[in-house]
Every structure is written in C-alpha cells, then in structure tokens.
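Written out below as structure tokens is the structure these notes cover.
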Amino acid sequence: MARLPGGGGCPPRKTMVGLGLGQLVSLLVTGTGFASSELSRRGINVPTSQSLLNYLFLGIVYGSILLYRRKPLQMKWYYYLILGLVDVEANYLVVKAYQYTSLTSVMLLDCWSIPAVIFLTWMFLKTKYRFRKYSGVAICVAGLVLVVFSDVHAGDRAGGASPVKGDILVIAGATLYAISNVSEEFLVKVGDRVELMGMLGLFGAIISACQISIFERNEIESIQWSVGAVVPFIGFAVAMFMFYSLVPILLKISGSTMLNLSLLTSDMWAILIRVFAYHEKVDWMYYVAFGAVAIGLVIYSGDSNSDDKRGQVAESTDAEGRLPDEEAAVDPKCQGAASSGIRQSDDGKTPPTVIIPKEPLDQTC
C-alpha cells in the first residue's frame, strides 16, 4: 500500500477491520444496556440471571467445537476459572447499577476501564504509551468526574433511585472489565479463541448458577413473565453472545485498549436512546462530559499507528530472542555474538565457521 512521506497514507486493512469491529461491538453494548434498562424499568432485577443465558450459549456453541476437536487445552483450566469469576462479577455490578442510575451514566462511566486497561497492559503486558496518550486518558477521566457531578446536581431527573451508588457500582464493574479484557487479550494471543470462549462459557455458567441459587432465587420466582419481559431478557443474552464472540477477534487485532476506546462511542447511541426512546431530557453536563470524552479519544488515537508499529517490533524481538541494538551495543561481547554468529580461525587461512548456538545467549548480554 502506497504511503506518503513521513509514514502517512491510507490506513491499513487491519486498522479498518479493527475500527469496524469496534463499532459493531459498541452497538452490541448499547443494545445490552437498552435491554438491562428496560428490565429494570419493569421491576426485573436479576443481573446474574441475565448473564447466565449468555454463558450457556458460549459453553454450548464453543464447547461443542472443543469436544469435536478432541485436543488438550493449551492453557491451564484454572486460568479460565479465575477469568470466569472476574467476568461474572463485572457483569453483575454493571447490570446491578441500572437499578440505581441512568442508562447514560452507565454508558459514560464504563470508560473508566480505559485508564485501568492502560495500567494493566503497562504493568503485565509491557505495553509502552506516549505522553500524548496519557493526556487523552486524563481528559476522558475528567469527563467521568463531570458525570458524577451531574448525577448529584440533577438528582430530580428520571435516572434511578440512587445515582451516586449506581455510579460507584459502574466504576467497580468497569475495573473488573479491564482485568477481564487484559486477561482475554493475553489468553487469545498465546492460546486459542475457541478454547477461550468455550471455557469462559463453562465456568461462567457454573459460577452464575451458584450465585443465582444463593442471591436471586426469590427474585426469579416473583417475576411475572410476559412478552415485554421475555424479549429484552433474550435480547440481552443474544447481544452479549455476539459481543463475547467478537471481542477476542478485536483483542487479537488491536488489543484491549483499542477495544475500550471503541466502546466509548456507545455513549452517543445511549444518549440517542434516552432522548428518542425514553423521551427524557439530558442534563447539560452530559454534553460537556461527552465532549471531553470525545476530545480525549481523538487525542489518544491521533498517533496510534506508530505505537502499534513499535509494539509489533517489540513483540517480534521478544519472540525471536534478540536484543535491541542499543542494548546489544553496551557490551562488545554481546554485540559480536548478536551481529555475526561467525568465528574466524586463528591462522586466517581456514574458512570461517558458522556458529549455531544450541543454548540461549548469556542472560547478562
């Protein structure tokens, strides 16, 4: 693909696919938020039960593929158990928040997962970020603060019984989502996507069933099931299944930070739903907060291509076991070993011998 001087040019196909998938999962998240809000308005507050059907879908569809393959697991089973526990509780906290705060607050506050993801990828996946990206994240966090102030300021709006409590639940759930996203990014890049989804569905269903039997049994028995209750309940599960199926693909293409940045656009769809579907008025601080989030997103993504290239170079360097030039140049012994791999005989007459080491280089190099 032709590029302009200085690295410009048309975005590569991989970037366009990542952007397209990001918008698709963003719409799916908006759909799950709409379904959860509808169930909450009807007095149906069973957050774990809503997620159970999704985990059953994942376990049946992808688990069947795993059984058909008849291959051993690439990763230890307890990794998926821990991931399933984190994911179930993240869904529980966020869905529970719809009982206390508005749809728009939930959709805006979930971008707290972005700074959490950046910290976790920097800490555990060794991802490097420029100062420009940190500035974009700081502006997004400023938008979060405006949302919280808006919920306190506009307490008389139709947004829930306890907006501040709902905001806290969303932030806690977003933090767990960040842990889940980073873990999935690691597992899908070193393991298998089908295995990840199948095992996540299995353990997620088991954990959800145990949690339902303890905390939500009475709530389920008291539900008056009707078409108006069943449709959003099933719609939530279907949207979540599609979301979970697409997320590993996006994580493998663009990473967990890009995933969470793409989900920010769901805020726009949430505001449209609130204005046109619920006929509610949006507090003026929401527009300021959304503007701050949008500006932060533009600043963050302005130089993403160069960061992606540096990340790909770093990954290939680690995979091949080579040292960066600036590190290899520190020790002349290391520099010679890394640069040539050829030994000249002492007399200068015998042809040079190519050395292919069977063991890794000295770790000090």
Side-chain angles (χ1 to χ4, degrees), residues 25 28-29 32-33 36 46-59 62-63 73-98 106 109-125 127 166-216 236-237 239-241 243-252 255-260 263:
V25 299
L28 291 173
V29 166
T32 60
S36 296
V46 284
T48 308
S49 301
Q50 289 180 224
S51 301
L52 174 62
L53 192 57
N54 164 56
Y55 291 121
L56 288 176
F57 286 161
L58 291 174
Y62 293 100
L73 297 178
Q74 298 184 18
M75 305 297 294
K76 299 295 184 181
W77 64 270
Y78 48 81
Y79 290 155
Y80 299 114
L81 173 61
I82 298 173
L83 176 62
L85 178 62
V86 172
D87 199 73
V88 168
E89 300 310 321
N91 286 327
Y92 173 82
L93 292 174
V94 172
V95 176
K96 186 75 173 178
Y98 285 98
V106 174
L109 283 170
D110 64 3
C111 68
W112 169 257
S113 59
I114 295 175
V117 162
I118 289 177
F119 174 77
L120 292 173
T121 53
W122 170 77
M123 177 65 68
F124 297 104
L125 302 184
T127 304
D167 293 345
I168 295 175
L169 289 176
V170 176
I171 292 175
T175 303
L176 293 181
Y177 273 138
I179 298 174
S180 177
N181 292 157
V182 175
S183 301
E184 286 186 33
E185 179 182 352
F186 171 77
L187 292 173
V188 78
K189 287 184 176 179
V190 301
D192 179 67
R193 180 177 67 90
V194 174
E195 177 181 303
L196 171 63
M197 290 293 96
M199 298 302 292
L200 177 60
L202 172 63
F203 287 113
I206 294 174
I207 295 171
S208 297
C210 295
Q211 189 163 310
I212 291 170
S213 64
I214 298 174
F215 298 108
E216 297 183 2
F236 177 89
M240 286 290 285
F241 173 77
F243 173 80
Y244 274 68
S245 299
L246 293 175
V247 160
I249 302 176
L250 181 58
L251 288 175
K252 194 166 187 177
S256 52
T257 303
M258 181 61 183
L259 167 64
N260 286 272
L263 295 181

Separation between [atom1] of [X] and [atom2] of [Y], rounded to the nearest 0.5 Å:
| X | Y | atom1 | atom2 | value |
| --- | --- | --- | --- | --- |
| Ile179 | Thr175 | CD1 | OG1 | 7.0 Å |
| Ile212 | Ile207 | CD1 | CD1 | 12.0 Å |
| Leu93 | Ile171 | CG | CD1 | 12.0 Å |
| Leu52 | Ile206 | CG | CD1 | 11.0 Å |
| Phe57 | Met197 | CZ | CE | 15.5 Å |
| Gln211 | Leu85 | CD | CG | 8.5 Å |

If every non-hydrogen atom of [X] is compared with every non-hydrogen atom of [Y], which pair is closest and at what distance?
| X | Y | result |
| --- | --- | --- |
| Ser180 | Leu83 | OG-CD1, 3.6 Å |
| Gly84 | Leu200 | CA-CD1, 3.7 Å |
| Ala174 | Val94 | N-CG2, 4.4 Å |
| Ala237 | Leu53 | CB-CD2, 3.5 Å |
| Tyr98 | Gly33 | OH-CA, 3.1 Å |
| Val88 | Gly204 | CG2-O, 3.7 Å |

Can you check whether [X] reaches [Y] side chain to side chain, under 4.5 Å on heavy atoms?
| X | Y | result |
| --- | --- | --- |
| Thr48 | Val95 | no |
| Trp112 | Val170 | no |
| Ser183 | Val86 | no |
| Arg193 | Lys252 | no |
| Leu196 | Tyr80 | yes |
| Glu185 | Leu259 | no |
| Ser36 | Phe236 | yes |

Inset, instruction - Look only at the side chain of Gln50 and the backbone of Asn91, and say whether a donor-acceptor pair between them is shorter than 3.5 Å. - result: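 Here the side-chain-to-backbone pair does not exist.
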Legend entry - Sidechain-backbone polar pair: Glu195 side chain, Gln74 backbone, donor-acceptor under 3.5 Å: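 Indeed, once roles are kept as given, a pair shorter than 3.5 Å links the two residues.
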Inset, instruction - Give a yes or no on this: more than 12 heavy atoms of other residues, nucleotides or ligands lie within 6.0 Å of atom CZ of Phe241. - result: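 Count over threshold, so yes.
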Legend entry - Exercise: do Ser245 and Tyr62 side chains pair donor with acceptor under 3.5 Å: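 Present: a donor and an acceptor within the cut-off.
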Inset, instruction - Give the ring-plane orientation class for Tyr55 versus Tyr244, where under 30° counts as parallel, over 60° as perpendicular and anything between as tilted. - result: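 Ring orientation, 0 to 90° scale: perpendicular.
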